[in-house]
Amino acid sequence: MKTIQHILARYTAFLWAILKPLGAWGVFVVAGLDGAALGLPVDVVVGGYVAQNHSRLLLYVFMAAAGSALGSLVIYIIGYKGGEELLRKRVSAARFEKLHAAFDKHPFWSLMFPAMLPPPTPFKLFALAAAVSEMRLSHFLMAIFFGRVVRFLVLGILVVKFGPGVVNTLRVFSSHHFHWLVIAVVLAVVTWLVIRQRKKRSLRAPAL
């Protein structure tokens, strides 16, 4: 355990040595590379930046979300140009049909929802499925951007409240209790949609 912590500490120090000269752009670069399927520890980076400067929380959140969305263009191009075979190799036939049906009916939410979730969510699989389904590029980018804003904003607020150590706590929790995390996010989204729908109805209702 100590050996793993030592390796992680050295890796984090090495990463910060590279990112420090980039300032806020370091968040953008890491999120972009992660979005392009390179698998970098973007949560650790966002949490570290926020921990060092709480006042720039929103800047780091938006930079990370934008980087993630633009980096995912690599997956979009692969999927749009002929990634169906690649997707079929990674999922069962039944799951492929479920993904295809989901993106046919609700393309935006089918991508934004997994974009809100932390690892071990197979987000890049959803991004590839969105591209294979020929989702509009503008909707693809917006779904990822807004989903990542939610994810990184929650992460940033927790870092401000509890310190950078919460990033590792969340990682452990999500890996062991991922289904509860999904249920919580689903309930939050449904609640928000219900409230939004009621507000729309109240605005449309004629005044007596």
Side-chain angles (χ1 to χ4, degrees), residues 30-43 46 61 64-155 167 170-198 200-201:
V30 170
L33 293 174
D34 177 71
L38 295 184
L40 294 179
V42 64
D43 285 350
V46 173
V61 167
S68 184
L70 292 176
S72 296
L73 284 173
V74 174
I75 298 176
Y76 184 86
I77 293 171
I78 293 173
Y80 197 88
K81 293 293 184 180
E84 182 174 336
E85 184 178 349
L86 176 61
L87 182 61
R88 287 185 180 276
K89 288 181 180 178
R90 291 178 172 270
V91 299
S92 64
R95 190 174 185 189
F96 177 86
E97 294 302 326
K98 287 182 180 179
L99 285 170
H100 197 275
F103 280 102
D104 276 347
K105 294 179 180 179
H106 307 287
F108 189 87
W109 290 107
S110 295
L111 185 58
M112 181 179 171
F113 178 71
M116 294 166 59
L117 298 173
T121 306
F123 171 71
K124 294 174 180 62
L125 194 66
F126 286 94
L128 181 62
V132 169
S133 300
E134 299 184 354
M135 183 178 181
R136 287 176 57 182
L137 179 58
S138 59
H139 291 177
F140 177 86
L141 292 173
M142 286 191 295
I144 296 176
F145 177 78
F146 288 122
R148 290 309 202 205
V149 164
V150 173
R151 170 180 163 183
F152 295 135
L153 183 59
V154 171
L155 175 67
V167 176
L170 288 174
R171 181 187 64 79
V172 174
F173 178 83
S174 61
S175 62
H176 288 84
H177 307 285
F178 183 68
H179 59 292
W180 288 112
L181 183 62
V182 172
I183 291 171
V185 173
V186 168
L187 290 175
V189 171
V190 170
T191 302
W192 177 76
L193 288 173
V194 170
I195 294 173
R196 183 184 178 190
Q197 191 64 27
R198 286 183 177 177
K200 284 184 178 181
R201 289 178 180 176

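- In plain terms, the two heavy atoms of A65 and V149 that are nearest each other are CB-CG2, 3.6 Å.
- Under the rule for a side chain to side chain contact (heavy atoms under 4.5 Å, CB included), the partners of A66 that lie at least two apart in sequence or sit in another chain are F28, F145.
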key: Verdict with supporting geometry, T121 and R151, side chain to side chain contact (heavy atoms under 4.5 Å, CB included)   = CA-CA 12 Å; T121 306; R151 170 180 163 183; over 6 Å; no
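- In this structure, the side chain of S72 does not engage the main chain of I75 through any donor-acceptor pair within 3.5 Å.
- By the side-chain hydrogen bond (donor to acceptor under 3.5 Å, both in side chains) test, D34 pairs with no residue at all, sequence neighbours left out.
- Considering all non-hydrogen atoms of both residues, A130 and F103 come closest at CB-CE2, 3.4 Å.
- Listed by chain and residue number, R148 satisfy the side-chain hydrogen bond (donor to acceptor under 3.5 Å, both in side chains) test with S68 (two or more places apart in sequence, or in another chain).
- Using a 4.5 Å heavy-atom threshold, the side chains of L87 and L125 count as touching.
- For H139, the side-chain hydrogen bond (donor to acceptor under 3.5 Å, both in side chains) test picks out no residue, with sequence neighbours left out.
- Atom NZ in K124 sits 11.5 Å away from atom CG in L128 (nearest 0.5 Å).
- For F140, the ring-ring contact (aromatic ring centres under 6.0 Å, His included) partners are Y76, not counting sequence neighbours.
- A search for side chain to side chain contact (heavy atoms under 4.5 Å, CB included) contacts involving A64 returns V27, A31, V46, F152, not counting sequence neighbours.
- Shown here are the side chain to side chain contact (heavy atoms under 4.5 Å, CB included) partners of S138, two or more places apart in sequence or in another chain: R136.
- Under the salt bridge (Lys or Arg N to Asp or Glu O under 4.0 Å) criterion, no residue pair touches residues 110-120, with sequence neighbours excluded.
- At least one donor-acceptor pair under 3.5 Å links the side chain of S110 to the backbone N or O of A102.
- Note that the CD1 atom of I144 and the CG atom of L73 stand 8.0 Å from one another [nearest 0.5 Å].
- The shortest side-chain heavy-atom distance between V91 and K98 does not fall under the 4.5 Å cut-off.
- Identified under the salt bridge (Lys or Arg N to Asp or Glu O under 4.0 Å) test for residues 73-88, with sequence neighbours left out: E84-R88, E85-K89.
- By the ring-ring contact (aromatic ring centres under 6.0 Å, His included) test, F146 pairs with no residue at all, sequence neighbours left out.
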Show every donor-acceptor pair shorter than 3.5 Å between a side-chain atom in residues 111-118 and any protein atom, with sequence neighbours excluded, or say none if there are none.
none

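- Here the closest non-hydrogen pair linking P122 and R95 is CG-NH2, 4.1 Å.
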